[in-house]
Structures are given as C-alpha cells and as structure tokens.
Amino acid sequence: MIEAGKPATRLKSEALAVLLERGLVHQCTDLEALDRTLSEGPLTAYAGFDATAASLHVGHLMPLMTMRWLQKLGHRPIVVMGGGTSLIGDPSFRKDARPMLEERQIAANIATIRRSVERLVDMEGPDGAMLVDNAEWLNEFRFLEFLRDYGSRFTVNRMMTFDSVKSRLDAQMPLTVLEFCYMMLQAVDFLELAKRHDCVLQVGGSDQWGNIVNGVELGRRDGRKLHGLTVPLLTTASGAKMGKTAAGAVWLHPEHLSPFGFWQFWRNTADADVGRFLRLFTELPMSEIDRLSALQGAELNEAKKILATQVTAIVHGPEEARAALQQGDALFAGEGEILEPSHKLPLASLAEGLGLLEVVVSVGFAASNGEARRLVEGGGVRLNNRIVDDPRRRIAIGDLQANDRLSVSVGKRRKALVGFA
RNA sequence: GGAGGAGUGCCCGAGUGGCUAAAGGGGACGGACUGUAAAUCCGUUGGCUAUGCCUACGUUGGUUCGAAUCCAACCUCCUCCA
C-alpha cells in the first residue's frame, strides 16, 4: 500500500507517475509490476459502475479521472456497467433490503450514465474506450455450470480473510450468502474482461479492494497477471464523506443537477481542499496547481473559480463551464442577476393567486410547503433581491421584472430565475 | 429447538399510559459575522387547503375516554443454551 500524494521514486511509466502525483492512487496490488507493464506499452484497464442510480455523482469522478488519464497516456479504458450485478441489488445495505431493480430501469440508468461517461473518456474510433455491460456474461451462467467453473476456484478459507467479510463476522453481524458471493461475481467480471479484451487492470474505489484482489487472484489461477488499483475515498478536509448538498447528491448528469449547480458545488470548496481537488479533478499542470493552492485568504477564491470551471468543463463541456462562470460572477459580484431563466411557470398561474411558498417549492429549494414556510419565516428567502418574510405572500404581475421574470433566492448560494410565459 | 434481549424521526439515542410531533447529540438547512471558506453564536429540522386536521415510535390486531408506552400474534436482529 502506498500513500496518496507521496512522491513517486524510480517509476518507469508516465501513467503511474501522473496518477500518483495527482493523488489518484490509494492502494495497488503490485506497484512495481504494474509500473513495468504500463511502461511496456498500451494496456487495457477497466472500472465498474453500479447501474442502480439514474446518474453518476462526484464520487464516481475519481475512477473516471483515472481512466481519463490512462487514455490520455495511450492506454485503453473499458467502462463496465453493472447491469447484471445491479439486478441482485447492493447487498451492503442489509437493514431494509431495497427492492431489486427492474431490468428496464437498469437499462434506462445505463443509457443516462453512458452520457456522462462519454464526457470523460473518448469512446470514438477503434482505439476508443469501450462500454460493456456485465449482464452480457453474468446472465448467461447457469448455476451448476457456474459452481463448477468458478466455485471451484475460490476457497472459503481465503474469502474469510477479506476485511469486508472478517469485520462483519467479528462484529457478529450476519453476512448473507448473496453478499458472500457478490465478490465472486466481480472477480469473474475481471477474468471475463481479461479473456475478451485483454484487460489487465481494474480501477475502483477503496471499498472495492477486496473484490478487486479476488479478481486478481482468480486471474492468477487462470495463468494471468492482473493488477488492481484503488482510488482514495473522496472526503472533505473535515473528514466527512462528500458529495451531498442541500439538493442531494452532486450528480454528473445535467438533468439531475444543472451545470451551474455543479459549478457552484466546486466553487464552494473549503479552503483546505482546494489544492487536493485541483490535483484530483482537473488536468492543470502541477506547477499551476502549486501556484493556485499557495494563494492566501480571499485570493484563494480565484483558485476555487478555476477549479469549478475546469471540472465543469470536463464534465459538461467548455461552453457550459464558461456560462457557469459568468453566471457565478454576475450573481455574486454585485447585484447581478441570473441571465437565463432556470425555471418556467405558466403566466396564467399568477391570476390563480400563485403563492410564494409554491414558487420556492417548484424551483426545488424546498421539498414541501412547510419547509418553504420555515425558510421564509427565518428570513432566508428573497424575491428580486428583497427579503420577503410573509409566508402568505402571493406573486402578482407587478412583482415581475422585464420579460416577465422573477428572481427567487434562498440563502446566499441558491438562486433561480423563473420565466413566466 | 429452548431461554433471555432488542427494533423510536436523516443518523445515533432518551422516553414504560395523558403535559409526546416525541429529550439530548450529530448531520443538514436558514440567520449573524465573513471571502459564495473555516471557526463561532442564534434559529429551524413530519405533511396539509393550518389557532385545526392527518401521518409517525418493526407489522397486524386488541385493552383503554386516551398507547411509542399495556396485551396477543407475527416479522427481523442480537446473546446464551441444545
């Protein structure tokens, strides 16, 4: 195991040097061997993603950035969608086993996720990244066949030594057969990819270590040298798992979180995280990153804007990033306004006596009228930049600005422009 | 299979018949202060067509004027014994 950010010494491969320098490496099954393999020529690497949610979120960005770097340095990424494994459902939540997903839902998720993945890795051309679904092979197995071909290659003795298993048993917590077998499936994925596409490296989150190691060991029993690499867990400087905001997770897909909302998330990075995030989530040269993270006090805000704009450009494209930057400047530097309506409501609703609370809910700043009411009563809601503290307030034609627009904000950071038509 | 224990709001956790939409803490959000940061202080933290109504303390029934609290059955988990 190696420490993230630790200066790499005597590395032969550029790829590994970059990943280490960026802080994208947490653990590696055999660093020297991987370094050698990477330096010998292009290799194929994969990262797997669950298809249980409709969009990826910032937590998925680290493995994706790793794939992006690998591709940039001449290697070929494969992105594996867990279409097969998602059918079983994530077994680590044992309290209220959530309903297993319908195949149709999973297919829809995969389609959405694919759009985000395409932003990060280039899927075009014969050398482009591939996207495969593990249902392709997992769905084909029959139980006896699976036991014979793979069950014989795993020993319970070995599986018992994995932390994920051991900690559960030590704590006297139940571990279902399903969970126990889950790691076999991921190992099988790795071996299948090795056979089909000559894939020799798996990248995943640090919680995937055990699963990845299993795949590497299965490969060895099949006469293959496979490698595993984990990225660190994304946490804030205060130690909290990160990726949640008032609106929920920080999604990568624009339909789940607007590019401006995404930009805002990064703009609000804590001082202590700026340098680390620049390394992890942008492709700026290290010298530039060093300069930016050395800024002090309020000057660091410039670094945060650069961070936000760079990450947004990677995930949503340069156009969207530029627009978000302008938007942010307009909004927070002076009395700026949002330039384009972010939400639309029918003009006719005004005649019906549209309530302030309804507006706050409909732009997504509150989950219920009650929550909106509390925000209003607490002085957190502004209409056209004026605090409004009457929850019974109704919106009238006279409240609209030019072009029938109404600006609504909650707190300092959440602003929306509602267009009436 | 037997004996004992547990299941509370986003999370942890108090509560053993009415004063309980449920103490306390965490988290989250809003306000003040700031730099759209951190720290600190204050406030809020089930829903609604709102001085009332509805939903909620594992599930389903029951006792009672009244139940998170008592009873029964069931479900799940834990501990010990076989």
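Worth knowing before you read on, the calculation uses all heavy atoms, side chains too, and leaves out hydrogens, waters and symmetry mates. Lettering follows sequence order; numbering is per chain, from 1.
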For the pair made of [atom1] in [X] and [atom2] in [N], what is the distance, rounded to whole Å?
| X | N | atom1 | atom2 | value |
| --- | --- | --- | --- | --- |
| A:D389 | B:rG31 | CG | P | 13 Å |
| A:F265 | B:rA28 | CZ | C1' | 15 Å |
| A:L292 | B:rA37 | CG | P | 19 Å |

Think [X] has a side-chain N or O under 4.0 angstrom from the OP1 or OP2 of [N]?
| X | N | value |
| --- | --- | --- |
| A:R382 | B:rG31 | yes |
| A:R374 | B:rG47 | yes |
| A:R414 | B:rG30 | yes |

Considering only atom [atom1], compute the distance from [N] to [M] and round it to an integer number of Å.
| N | M | atom1 | result |
| --- | --- | --- | --- |
| B:rA14 | B:rC33 | P | 40 Å |
| B:rG43 | B:rG24 | P | 11 Å |
| B:rG52 | B:rU36 | C1' | 41 Å |
| B:rG15 | B:rU69 | C1' | 8 Å |

*Just by distance, do the side chain of A:N214 and the backbone of A:A187 share a donor-acceptor pair under 3.5 Å?*
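Not confirmed, A:N214 side chain does not pair with A:A187 backbone.
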*Would you say A:N109's side chain and A:A51's backbone share a donor-acceptor pair under 3.5 angstrom?*
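Yes, A:N109 side chain to A:A51 backbone: donor-acceptor pair under 3.5 Å.
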Please determine, for [N], whether a Watson-Crick or G-U wobble partner exists with both distances under 3.5 Å, and give it or none.
| N | answer |
| --- | --- |
| B:rG18 | B:rC65 |
| B:rG35 | none |
| B:rG7 | B:rC75 |
| B:rG52 | B:rC48 |
| B:rA82 | none |
| B:rG43 | B:rC29 |

*Using only heavy-atom distances, decide whether a donor-acceptor pair under 3.5 angstrom links the side-chain of A:K415 to the base of B:rU36.*
no
*asked:* For B:rG47, does the base pair up with any side-chain atom of A:N369 as donor and acceptor (N or O, under 3.5 Å, distance only)?
replied: no
_Students often mix this up, so state it plainly: with edges at 30° and 60°, are the rings of A:H256 and A:H253 parallel, tilted or perpendicular?_
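Perpendicular, since the angle between the ring planes exceeds 60°.
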*Parallel, tilted or perpendicular: rings of A:W266 and A:F277 (30°, 60°)*: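 Aromatic pair A:F277/A:W266 classed perpendicular.
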*Take A:R393 and A:D399 through the test salt bridge (Lys or Arg N to Asp or Glu O under 4.0 Å) and record every step on the way to the result.*
CA-CA 11 Å; A:R393 171 73 189 272; A:D399 290 317; 2.5 Å; yes
*For A:G379 and for A:N268, find the nucleotide of RNA chain B with the closest heavy atom, then tell me which residue's nucleotide is more 5'.*
A:G379
*5′-ward residue of the pair A:G411/A:K304 relative to RNA chain B*: A:G411
*When we call it a touch if two heavy atoms are under 4.0 Å apart, what does A:G297 touch: a base, just sugar-phosphate, or nothing?*
base
*asked:* Counting the atoms with a prime plus P, OP1 and OP2 as sugar-phosphate, which does A:E377 contact under 4.0 Å by heavy atoms, base, sugar-phosphate, or nothing?
replied: nothing
